[in-house]
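Letters A, B, ... mirror the listed sequences (proteins, then strands); counts begin at 1.
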There are 2 protein chains.
Amino acid sequence: MKSGSYPDRHRTLGALLRAPWRVLEGRVYGAMAERGFPEVRPAHGVVFRHIEADGSRVSDLADRAGMAKQSMAYLVSHLEEHGYLRVGPDPLDGRAKRVILTERGEAVLKAAHDLSRSIEAEWALAIGAGPMETLKRDLGRLWDYLEAEDHQS
Amino acid sequence: MKSGSYPDRHRTLGALLRAPWRVLEGRVYGAMAERGFPEVRPAHGVVFRHIEADGSRVSDLADRAGMAKQSMAYLVSHLEEHGYLRVGPDPLDGRAKRVILTERGEAVLKAAHDLSRSIEAEWALAIGAGPMETLKRDLGRLWDYLEAEDHQS
DNA sequence: TTCAGTTAGACAGATAAACTGTCTTAAATA
DNA sequence: TATTTAAGACAGTTTATCTGTCTAACTGAA
């Protein structure tokens with residue numbers, strides 16, 4: 001069945017990166033509901049990934065996520081409504097608002113990291129601990145290369 | 001700037017897979033417009049990836065992409081309108097339609113593969129040809145493992 | 001061999017996640 | 001101080017998914 005449903009010629013680098021990422025994302029966000037965070041959807045990941053420990057402004061989050069302020073505001077307002085974020089005025093800039101994770105939001109971040117680590121461990125058993133280490137190291141080098149010339153997410 | 005804007009603790013396996021994939025997808029689909037295929041968007045990738053050389057049915061495409069028939073029909077109709085696909089009756093099943101790539105559609109597939117290969121070559125220069133080979137081999141093993149227990153797209 | 005159940009796709013409508021454009025207000029600058 | 005820039009709000013649009021319902025066609029079992 002392996003190369004029947006998805007021929008090897010389609011196993012491009014993009015496909016090789018996308019396939020496991022989709023599975024991982026699906027498992028992480030699927031498990032969120034079970035862990036008591038049903039309102040957290042994949043799109044909200046950018047907020048959790050880019051928010052700083054002492055809070056961030058919506059514009060900064062948008063910049064770092066590489067998306068429009070309006071789009072970020074939409075995600076932030078959803079998370080605020082459901083208690084994952086607290087939004088207050090920015091003391092340094094009267095126009096801006098400061099967004100910070102609540103305890104519930106911190107718990108989401110922790111859950112996501114835990115889940116990610118346990119899936120990684122499972123996959124390390126499948127392909128070998130050595131290869132998994134090598135994989136991460138080389139992906140890290142690729143990341144450094146890509147970061148050295150613009151690029152966010 | 002490297003770990004300033006995106007701290008290392010966020011370099012989870014998911015992030016390591018997602019970051020290069022996003023860049024690759026952006027470059028491939030960005031180049032599509034320049035190559036004369038402006039109507040092809042990232043979401044249409046599932047069609048090109050899963051369609052068979054002698055044509056496929058919408059339901060089969062949907063199944064293999066792991067999405068609803070309606071969603072696939074929406075993507076297919078867009079590509080048909082712009083001349084990337086031809087849709088005809090299925091000779092074996094009066095209910096079904098057969099979807100097949102036109103020459104223009106084949107050209108998209110080729111362009112996507114060419115672009116992917118050239119980006120891969122660029123990245124191989126950045127991280128080394130050996131590591132790139134190892135990376136692909138290990139991602140391939142991960143793919144096999146994931147495929148052995150359900151999973152599509 | 002007909003008839004019940006299933007499947008393919010169409011149509012309608014909903015939602016999520018992004019976008020652009022415009023507006024107000026505040027900040028920064030010249 | 002006057003002008004420009006920046007932050008976020010509000011309105012509307014597009015894209016990409018989903019469910020639900022419907023008809024036509026196929027399939028298998030009595």
Asks: What is the separation between atom CZ on A/R22 and atom C1' on D/dA16, rounded to the nearest whole Å?
Replies: 11 Å
Asks: C/dG9, OP1 or OP2 - any side-chain N/O from B/R57 closer than 4.0 Å?
Replies: no
Asks: Determine whether a donor-acceptor pair (one donor, one acceptor, N or O, separation below 3.5 Å) exists between the side chain of A/R95 and the base of D/dA6.
Replies: yes
Asks: Toward the 5' end of DNA chain C, which comes first, B/K97 or A/L92, by nearest nucleotide?
Replies: B/K97
Asks: Between C/dA26, D/dA16, C/dA16, which one does the side chain of B/H44 approach most closely?
Replies: D/dA16
Asks: Rounded to the Å, how far apart are A/D60 CG and D/dA7 P?
Replies: 7 Å
Asks: Between A/K110 and A/D114 (salt bridge meaning N to carboxylate O under 4.0 Å), is one present in this structure?
Replies: yes
Asks: Residues two or more places apart in sequence or in another chain: which of them pass salt bridge (charged side-chain N to carboxylate O under 4.0 Å, His left out) with A/R104?
Replies: A/E39
Asks: Taking the basic N atoms (NZ, or NE/NH1/NH2) and the acidic carboxylate oxygens, is any pair closer than 4.0 Å for A/R95 and A/D90?
Replies: no
Asks: Taking atom P of D/dA6 as reference, at what distance in whole Å does atom CG of A/D90 sit?
Replies: 16 Å
Asks: Take the protein atom CZ of B/R64 and the nucleotide atom C1' of C/dA8, then report the distance between them rounded to whole Å.
Replies: 16 Å
Asks: Is any NZ, NE, NH1 or NH2 atom of the basic residue among A/E122 and A/R27 found under 4.0 Å from an Asp or Glu carboxylate oxygen of the other?
Replies: yes
Asks: Can you check the A/E25 CD to C/dA17 P distance for me, whole Å?
Replies: 11 Å
Asks: Where along residues 68-82 of chain A does a heavy atom come under 4.0 Å from DNA chain C, residue by residue in number order?
Replies: A/A68, A/Q70, A/S71, A/Y74, A/L75
Asks: In plain terms, say whether B/E80 and B/K97 are close enough for a salt bridge, that is, a side-chain N and a carboxylate O under 4.0 Å apart.
Replies: no
Asks: Set out, in order, the CA-CA distance, both residues' side-chain angles and the distance that settles salt bridge (charged side-chain N to carboxylate O under 4.0 Å, His left out) for A/R18 and B/E25, then state yes or no.
Replies: CA-CA 10 Å; A/R18 187 187 57 248; B/E25 187 187 52; over 6 Å; no
